[in-house]
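Step one of this worksheet: look at the structure below.
As the structure is a computational prediction, the values presented were derived from the model and not from experiment.
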Amino acid sequence: TYNLAILAHGKLGQWLSAVNLTKTMKDSGSRPDVFSYTAAISACAHEDEFEEAINLLDLMKTDGITPIDSTYNAAINAAKSKGIQYVLSLLDDM
């Protein structure tokens, strides 16, 4: 499944491939779910790709998908390298 592929790319440090798979899902008519987005955000966090992680968080909300605790946890992990103000902003968003 797409979710397993996104997770695998994330584990291999291939954050861009993980993100692109969420786009591929949409293009093929599959709808990324909260787990798809969380896995892609986590992949971004592991590679310090904060901006892309936040873009994905915003996109999932735009798509009508409510983030879960693990989604915010992944986004907070991505934000740690940017500073406390970003972390606090995400905590306020929860």
Side-chain angles (χ1 to χ4, degrees):
T1 69
Y2 281 107
N3 288 352
L4 290 176
I6 293 168
L7 281 170
H9 282 289
K11 297 282 185 197
L12 294 171
Q14 300 170 349
W15 69 271
L16 186 56
S17 294
V19 171
N20 285 339
L21 276 173
T22 63
K23 296 173 185 172
T24 300
M25 286 179 77
K26 285 183 168 187
D27 292 344
S28 70
S30 296
R31 185 172 184 242
D33 60 18
V34 67
F35 302 107
S36 311
Y37 281 112
T38 299
I41 291 168
S42 181
C44 293
H46 288 294
E47 300 300 318
D48 293 327
E49 292 294 333
F50 169 74
E51 288 81 11
E52 190 63 38
I54 297 307
N55 287 341
L56 285 168
L57 184 64
D58 291 340
L59 181 61
M60 74 182 291
K61 292 177 188 175
T62 300
D63 286 348
I65 300 169
T66 303
I68 57 176
D69 289 346
S70 57
T71 310
Y72 281 109
N73 185 46
I76 288 168
N77 282 333
K80 287 191 298 190
S81 66
K82 297 301 268 185
I84 191 70
Q85 69 273 15
Y86 292 97
V87 172
L88 292 174
S89 175
L90 287 166
L91 289 171
D92 286 341
D93 191 39
M94 291 178 75

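- Remark: Ser28 pairs with Tyr2 by the side chain to side chain donor-acceptor pair (under 3.5 Å) rule, at least two apart or across chains.
- Between Phe35 and the choices Thr71, Ile6, Asn3, the side-chain contact (heavy atoms from CB on, under 4.5 Å) rule is met once, by Asn3.
- Applying the salt bridge (charged side-chain N to carboxylate O under 4.0 Å, His left out) test to Lys11 and every residue at least two apart in sequence or in another chain returns nothing.
- Applying the salt bridge (Lys or Arg N to Asp or Glu O under 4.0 Å) definition to pairs two or more places apart or across chains, those involving residues 54-68 are Lys26-Asp63, Lys61-Asp93.
- Cluster partners of Leu12, using a side-chain heavy-atom cutoff of under 4.5 Å among ILVMFWY residues and allowing indirect links: none.
- Side-chain contact between Leu56 and Cys44: present, with at least one pair of heavy atoms (C-beta onward) separated by less than 4.5 Å.
- Remark: Trp15 CH2 to His46 NE2 distance equals 14.5 Å, nearest 0.5 Å.
- In this structure, the side chains of Met60 and Ile41 come closer than 4.5 Å at one or more pairs of heavy atoms.
- A search for salt bridge (charged side-chain N to carboxylate O under 4.0 Å, His left out) contacts involving Asp33 returns nothing, not counting sequence neighbours.
- Remark: Thr62 engages no residue in a side chain to side chain contact (heavy atoms under 4.5 Å, CB included) (not counting sequence neighbours).
- Remark: Gln14 engages His9 in a side chain to side chain donor-acceptor pair (under 3.5 Å) (not counting sequence neighbours).
- Between atom CD1 of residue Ile65 and atom OG of residue Ser36 there is a gap of 7.5 Å, rounded to the nearest 0.5 Å.
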